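Only one structure is covered here, and it is reproduced in the block below.
Values below: every heavy atom of this structure, side chains too, minus hydrogens, waters and symmetry copies. Just so it is clear, the structure is predicted and the values come from calculations on it, not from any experiment. Order of appearance sets the numbers: ligands from 1, and atoms from 1 within every ligand.
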Amino acid sequence: MKPAGTLQIAPSLLSADFGALGSEMAAAERGGADMIHVDIMDGHFVPNLTMGPPVVKSLKRIARVPLDVHLMIEEPDRYIDAFAEAGAAMISVHVEVLPHLHRTVHAIKALGVSAGVVLNPATPVASLSEIAGDVDYVLVMSVNPGFGGQTFIPRSESKVREVRALLDRAGNAAPIEIDGGIDHHNVGRVVAAGASIIVAGSAVFHSPDPERATRELKAAALGAAATVPR
Ligand code: DX5
Ligand code: ZN
């Protein structure tokens, strides 16, 4: 895991053309993607369905950057091995579905994969207090998960600051990832708040030129990062 201050862009394939995932991913990589965000949905935790380990395995064969797998599923413990085996470099799990979150986080780490925990918009930052020293990254959802193209929830900005303060109190330099409704208008604000892994789906893949959109979003984020005192 790169340290918290290193700005990284993570285009989300959810908004890509699923019939051309390889070339969509390659365009984002040419635009400077630091990782590729892969959204896994089960139709239970969230209403939508996406893909499973075989697709991740195929992406891994052609990816030039790490795969960041976001599990929006009800029983992630059942699938962690399969996603690690498929080639995930990072796996994040939702606090809301895990009564034994500490065990899950350490199970992910034991597979040699970076372990992230995710907070839905209505989930309090305090739910991380006992795990703050154990996580490799925290993903703050800035929309309710399930769909691309939703509007950024403004409260997420101060939530990122609260997560940063919690991690700092735990002595953990783990980065904060933000996911949902990010575009070149609001990316500066979330970076200033302390997010350093920036997920963007529709802002990249619903643009006519995903390579250029990735490059421009990264430039906007890096511009904001340069003004943030660390
Ligand atoms: C939403 C997913 C996101 C999604 C973001 O449930 O977790 O990763 O792809 O899409 P945008 O950037 O369009 O909000
Ligand atoms: Zn996601």
- Shared hydrophobic cluster, I131 / V118 (ILVMFWY, side-chain heavy atoms < 4.5 Å): no
- Message: Is it the case that atom NZ in K109 sees more than 12 heavy atoms from other parts of the structure closer than 6.0 Å?
- Response: yes
- Message: Would G181 count as being in polar contact with ligand 1, using the rule that some N or O on each side must be under 3.5 angstrom apart?
- Response: yes
- min-distance protein heavy atom vs atom 13 (O) of ligand 1 -> S202 OG, 2.6 Å
- Of all the N, O or S atoms in H70, which one sits nearest to the Zn ion (ligand 2)? ND1
- Task: Flag the pair L67 / K60 as yes when at least one side-chain heavy-atom distance between them is below 4.5 Å, and no otherwise.
- Result: yes
- Side-chain donor-acceptor pair under 3.5 Å between T50 and D39, yes or no? no
- Determine whether any heavy atom of A203 lies closer than 4.0 Å to an atom of ligand 1. no
- For atom 5 (C) of ligand 1, grab the closest protein heavy atom and report residue, atom and distance to one decimal in Å. D179 OD1, 3.5 Å
- Is there side-chain contact between L139 and H70, with at least one heavy-atom pair below 4.5 Å? yes
- Query: Applying the side-chain hydrogen bond (donor to acceptor under 3.5 Å, both in side chains) test to S158, which of R155, E162, R161 qualifies?
  - Reply: R155
- Query: Between G146 and ligand 1, does any nitrogen or oxygen pair lie at a separation below 3.5 Å?
  - Reply: yes
- Under-4.0 Å salt bridge between D77 and R103: no
- Does D39 have a heavy atom less than 4.0 Å from any atom of ligand 1? yes
- For H70, take its heavy atoms, then give the atoms of ligand 1 lying under 4.0 Å from any of them. 7 (O)
- Looking only at heavy atoms, which two atoms of I176 and V160 are closest? And how far apart? CD1-O, 3.5 Å
- Just let me know how H206 lines up against ligand 1, side chain, backbone, both or neither, with a heavy-atom cut-off below 4.0 Å. neither
- Check whether any N or O atom of G201, backbone or side chain, sits under 3.5 Å from an N or O atom of ligand 1, and answer yes or no. yes
- Find out whether M90 and V69 are in side-chain contact, i.e. whether some heavy atom of one side chain is under 4.5 Å from a heavy atom of the other. no
- Task: Determine which of the N, O or S atoms in D39 is closest to the Zn ion (ligand 2) and give its atom name.
- Result: OD1
- of all protein heavy atoms, closest to atom 10 (O) of ligand 1 is G148 CA, 3.6 Å
- Minimum-distance protein heavy atom relative to atom 1 (C) of ligand 1: F147 O, 3.6 Å
- Do any nitrogen or oxygen atoms of G149 lie less than 3.5 angstrom from nitrogen or oxygen atoms of ligand 1? yes
- Query: Looking only at heavy atoms, which two atoms of L21 and L59 are closest? And how far apart?
  - Reply: CB-CD2, 4.0 Å
- Which one holds for S12 and ligand 1: side chain close, backbone close, both close, or neither close, with close meaning a heavy atom under 4.0 Å? side chain
- Message: Under a 4.0 angstrom heavy-atom cut-off, which atoms of ligand 1 come close to M72?
- Response: 6 (O), 7 (O)
- Task: Looking at D179, pick out the N, O or S atom nearest to the Zn ion (ligand 2) and give its name.
- Result: OD2
- Message: Grouping I, L, V, M, F, W and Y whenever their side-chain heavy atoms are under 4.5 Å apart, do I40 and Y79 come out in a common cluster?
- Response: yes
